[in-house]
Amino acid sequence: MTIEDVRERLKAAKRPIALTGAGVSAESGVPTFRGSEGLWRNFSPQDLATPEAFERDPQLVWEWYDWRRSLIAKISPNPAHYALAELERRSPEFTLITQNVDGLHRAAGSSRVMEIHGSIWTVRCTECGNSSENRDVPINILPRCSCGGLLRPGVVWFGEPLPEEMLYKAFEAASSTDLMLVIGTSGVVQPAASLAVRAKDGGALVVEINPEATPLSEVADVSFKGKAGEIAPLLVG
Ligand code: OAD
């Protein structure tokens with residue numbers, strides 16, 4: 001199946017969806033998690049991205065998130081983010097599910113975005129549970145809620161459940177889609193990776209964009225081995 005074939009299928013699709021991962025933001029300059037340059041090469045998820053790590057050393061965890069927020073604040077969406085925003089404008093039923101917390105899909109103009117791992121631009125109170133947007137760069141380390149409680153990053157950490165209702169909607173979208181784009185994810189983190197399997201089982205055409213083979217390449221009907229910023233605009237075209 002060629003790029004042109006998929007472009008035609010995408011034009012005809014009634015309920016296209018996309019699942020994105022860190023690779024969709026790689027060309028913008030956001031580091032991915034796995035691979036030779038990945039964050040998890042140099043940093044330990046156990047020390048930085050678990051509720052236990054935050055309880056043990058909130059200062060260290062906030063310093064790491066502050067560093068990532070400063071890095072992301074300086075960069076812009078790339079052609080892959082813009083292509084997905086265009087797809088939303090064109091397809092009223094389009095749903096975008098992202099594992100990314102960087103906010104670049106929204107910055108590119110996508111509004112129907114399910115951020116299933118949360119957002120680095122939100123904070124949540126560990127006492128009252130209130131969530132709010134916070135774009136301070138740098139952030140005042142050990143930020144406090146108006147109730148006095150310690151604020152934590154509004155992201156999902158290892159060992160934590162994903163937001164239940166959003167996840168339900170994501171699986172619903174995967175069950176009823178006729179074409180799913182899987183862009184820039186290593187496909188090893190659950191339950192996100194199962195969304196592609198659900199779409200496939202429901203009879204959708206599953207199209208992967210990734211320079212490397214992943215476990216989802218086996219699930220996909222076609223894998224374009226290239227960069228998201230180059231291939232996605234050709235498919236949406
Ligand atoms: P990973 O870092 O695991 O995988 C990134 C994928 O992007 C790899 O398969 C790369 O080959 C691919 N890639 C790199 N550059 C690309 C490009 N220019 N275009 C397209 N693909 C490219 O990131 P995720 O799959 O998103 O979770 O990781 C899933 C979750 O694991 C993250 O959300 C995060 C992490 O631990 C939490 O923090 C809960």
Side-chain angles (χ1 to χ4, degrees), residues 3 18-54 61 64-65 67-69 71-72 75-84 96-105 108 113-122 124 152-163 166-167 170 180-197 207-220 222-236:
I3 297 239
L19 170 68
T20 65
V24 81
S25 297
E27 289 153 82
S28 293
V30 184
T32 60
F33 293 95
R34 296 172 185 80
S36 56
E37 309 271 296
L39 289 172
W40 297 149
R41 255 308 150 96
N42 297 310
F43 298 100
S44 140
Q46 283 74 28
D47 291 342
L48 299 165
T50 64
E52 294 77 23
F54 189 70
V61 172
W64 191 62
Y65 276 90
W67 169 71
R68 287 175 61 201
R69 285 162 61 106
L71 193 147
I72 296 165
I75 63 184
S76 310
N78 68 56
H81 297 107
Y82 289 116
L84 292 170
L96 175 51
I97 305 163
T98 188
Q99 299 165 85
N100 298 346
V101 298
D102 55 34
L104 289 178
H105 284 303
V113 188
M114 291 188 203
E115 292 172 314
I116 60 174
H117 289 168
S119 165
I120 204 161
W121 302 114
T122 63
R124 190 166 76 241
R152 57 162 279 178
V155 301
V156 176
W157 283 325
F158 287 101
E160 292 186 315
L162 271 62
M166 198 188 290
L167 194 62
M180 180 181 202
L181 300 173
V182 178
I183 309 179
T185 178
S186 58
V188 297
V189 171
Q190 294 296 352
S194 310
L195 289 164
V197 178
V207 178
E208 182 183 52
I209 306 177
N210 198 311
E212 316 236 331
T214 75
L216 295 180
S217 310
E218 308 266 303
V219 175
V222 51
S223 286
F224 293 115
K225 296 264 174 299
K227 292 184 172 178
E230 290 166 13
I231 312 264
L234 297 177
L235 296 184
V236 174

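In listed order, ligands and their atoms are each counted from 1.
Counting only heavy atoms of the protein, atom 30 (C) of ligand 1 lies nearest to Val189 CG2, 3.7 Å. Of the protein's heavy atoms, Ala26 CB, 3.7 Å lies nearest to atom 15 (N) of ligand 1. Ranking the protein heavy atoms by distance from atom 16 (C) of ligand 1 puts Gly23 O, 3.5 Å first. The protein heavy-atom contact nearest to atom 25 (O) of ligand 1 is Thr185 OG1, 2.7 Å. Of all protein heavy atoms, the one closest to atom 33 (O) of ligand 1 is His117 ND1, 2.8 Å. What sits closest to atom 9 (O) of ligand 1 on the protein, heavy atoms only, is Asn210 ND2, 2.9 Å.
Across the listed options Ala22, Ser186, Ser217, Ser186 owns the non-hydrogen atom lying nearest to atom 4 (O) of ligand 1. When Glu27, Gln99, Arg34 are checked for heavy-atom proximity to atom 31 (O) of ligand 1, Arg34 turns out nearest. Here atom 5 (C) of ligand 1 lies nearest to Gly184 when heavy atoms of Gly184, Gly21, Pro215 are compared.
In this model, a donor atom of one side chain and an acceptor atom of the other lie less than 3.5 Å apart for Thr20 and Thr98.
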Subject >> Intermediate values then yes/no, side chain to side chain donor-acceptor pair (under 3.5 Å), Thr185 and Gln99 >> reply: CA-CA 8 Å; Thr185 178; Gln99 299 165 85; 2.9 Å; yes
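For Ala228, heavy-atom contacts with ligand 1 shorter than 4.0 Å involve the backbone as well as the side chain. Residue-level proximity to ligand 1 for Trp157 is absent, since no heavy atom of it falls below 4.0 angstrom.
One N or O on the side chain of Trp121 and one on the backbone of Asp102 form a donor-acceptor pair closer than 3.5 Å. Under a 3.5 Å cut-off, the side chain of Ser217 and the backbone N or O of Ala213 do not form any donor-acceptor pair.
Distance NZ/Lys227 to CD1/Ile209: 13.5 Å, rounded to 0.5 Å. Rounded to the nearest 0.5 angstrom, Glu212 CD and Arg34 CZ are separated by 13.0 Å. Rounding to the nearest 0.5 Å places CG of Leu235 at 9.5 Å from CG of Leu84.
Every atom of ligand 1 is numbered from 1 in the order shown, and the set under 4.0 Å from a heavy atom of Glu212 is 11 (O). For ligand 1, the atoms lying closer than 4.0 Å to a non-hydrogen atom of Val156 are 39 (C). Under a 4.0 Å criterion applied to the non-hydrogen atoms of Phe33, ligand 1 contributes the atoms 2 (O), 23 (O), 32 (C), 34 (C), 35 (C).
Residue contact check for ligand 1: Gly35 places no non-hydrogen atom closer than 4.0 Å to it.
Checked against a 3.5 angstrom limit, the closest N/O atoms of Thr214 and ligand 1 fall outside it. Below 3.5 Å of separation, one finds an N or O of Trp40 facing an N or O of ligand 1.
Under the 4.0 Å criterion applied to side-chain N and carboxylate O atoms, Glu160 and Arg152 are assigned as salt-bridge partners.
Taking the ring axis of Trp67 as reference, the NZ or CZ atom of Arg69 does not stay both within 45° of it and closer than 6.0 Å to the ring centre.
Between Phe54 and Trp157, the two ring planes are tilted [angle within 30° to 60°].
The shortest distance between side-chain heavy atoms of Lys225 and Asn210 does not fall below 4.5 Å.
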